[in-house]
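One structure is given below, encoded as structure tokens.
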Amino acid sequence: RKNDRSGAIEHLREALTIDPEFALAASRLADLLTATGRIDEGLRYHEQSERLLVARNLTDRESLRVRGIFALDTARFDEAEHVFTLWSNDYPGDALPHFYRASALERLGKTEQAERELAGAMERDPSSFPFAFRRARMALNRGALDDAERFCAAAERLASNGWADLMK
């Protein structure tokens, strides 16, 4: 919360020294390390976290999110799609698994399914800028300029951060 990444990294390392099977600490450490450009080191902690989560067969929201994002980040798109499907089935009201599943499906070349998943995410959380922006990008990629313009305008209403202007 204090925006002290190096301090947070040290605290997470200490947590893992105390409890080497603290999967969520390993995952958070991986996020911080990759965010600071230490990608190889971060991926090792992602792998540690995933091993622990799979070994324990944890299916809570956070565990499924960690496993799915790691699969996406390491180009295991079939696995990511499977994990995000589990998450959306176990927690049908959650928007995020649909958003992430759309990414996996898009990478697998299943763009129509990806757009349906993204529409499902937007139905569950119509106030999400990333959902609307991604939907605009997908429409633009398939050449549907009217749809792209509509979703871009929706994204712009949700957040005036300059990204919609860039897309326009």
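Heavy atoms only: backbone and side chains are in, while hydrogens, waters and symmetry mates are out. Remember, it's a predicted structure, so these values are computed and weren't measured experimentally.
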Applying salt bridge (Lys or Arg N to Asp or Glu O under 4.0 Å) to E50 and R76, what does each step give before you reach the verdict? CA-CA 13 Å; E50 183 187 43; R76 295 177 293 150; 3.2 Å; yes

Could you check whether E115 pairs with K110 (Lys NZ or Arg NE/NH1/NH2 to Asp/Glu carboxylate O, under 4.0 Å)? no

State whether the side chain of T34 and the backbone N or O of G42 hold a donor-acceptor pair below 3.5 Å, judged by distance alone. no

Side chains of F70 and L43: closer than 4.5 Å at any heavy-atom pair? yes

State plainly whether one hydrophobic cluster holds both F22 and V54, where clusters connect Ile, Leu, Val, Met, Phe, Trp and Tyr through side-chain heavy atoms under 4.5 angstrom apart. no

Side chain proximity check, F131 to L96, heavy atoms < 4.5 angstrom: yes

In terms of heavy-atom contacts, L53 and A23 come closest through CD2-CB, 3.7 Å

Would you find a donor on one side and an acceptor on the other, under 3.5 Å apart, between the side chain of D4 and the backbone of G7? yes

Please identify which of these residues, L29, V66, L24, meets the side-chain contact (heavy atoms from CB on, under 4.5 Å) condition with S49. V66

Consider only side-chain N and O atoms of R134 and S103, and report whether a donor and an acceptor are under 3.5 Å apart. yes

Hey, is R61 close enough to D94 for a salt bridge, meaning N to O under 4.0 Å? yes

Considering only heavy atoms from C-beta outward, does the side chain of F129 approach that of E156 to under 4.5 Å? no

Is there side-chain contact between S27 and Y45, with at least one heavy-atom pair below 4.5 Å? no

Basic-acidic side-chain contact under 4.0 Å: R101, E81: yes

In Å and rounded to the nearest 0.5 Å, what is the OH to OG distance from Y100 to S88? 14.0 Å

Do F77 and L105 belong together in a cluster built from hydrophobic side chains that touch within less than 4.5 Å? no

A side-chain contact here means heavy atoms from C-beta on lying under 4.5 Å apart; do M122 and F151 qualify? yes

Quick check against the 3.5 Å criterion: does R135 have a side-chain atom that pairs as donor or acceptor with the backbone of C152? no

Does E106 pair with R137 as a salt bridge, N-O distance under 4.0 Å? yes

Between A35 and R5, which heavy-atom pair has the shortest distance, and what is it? O-NH1, 3.5 Å

L158 versus A132, closest heavy-atom pair with distance: CD1-CB, 4.1 Å

CG (L145) and CZ (R150) are apart, to the nearest 0.5 Å, by 12.5 Å

Would you check if Y91 and D60 make a side-chain contact, meaning some heavy-atom pair closer than 4.5 Å? yes

Does R13 come within less than 4.0 Å of E41, counting only side-chain N to carboxylate O? yes

Is I69 linked to L108 within one hydrophobic cluster, defined over Ile, Leu, Val, Met, Phe, Trp and Tyr using a side-chain heavy-atom separation of less than 4.5 Å? yes

Between the main-chain N or O of D125 and the side-chain N or O of S128, is there a donor-acceptor pair closer than 3.5 Å? no

Taking all atoms of both residues into account, what is the closest heavy-atom pair of R124 and P92, and its distance? NE-O, 2.8 Å

For the residue pair T36 and R38, confirm or rule out a side-chain donor-acceptor distance under 3.5 Å. no

Tightest non-hydrogen contact, residues A139 and D147, listed as CB-CB, 3.8 Å

Where do L33 and R44 land on the side chain to side chain contact (heavy atoms under 4.5 Å, CB included) test, with the steps shown first? CA-CA 10 Å; L33 288 168; R44 286 194 302 274; over 6 Å; no

Are F99 and F84 linked, directly or through other ILVMFWY residues, by side chains that come within less than 4.5 angstrom of each other? yes

Counting only heavy atoms not in E47 (residues, nucleotides, ligands), do more than 12 fall under 6.0 Å from its CD? yes

Charged N-O contact under 4.0 Å between R56 and E21: yes

Which pair of non-hydrogen atoms, one from L64 and one from V83, has the smallest distance, and what is that distance? O-CG1, 3.2 Å

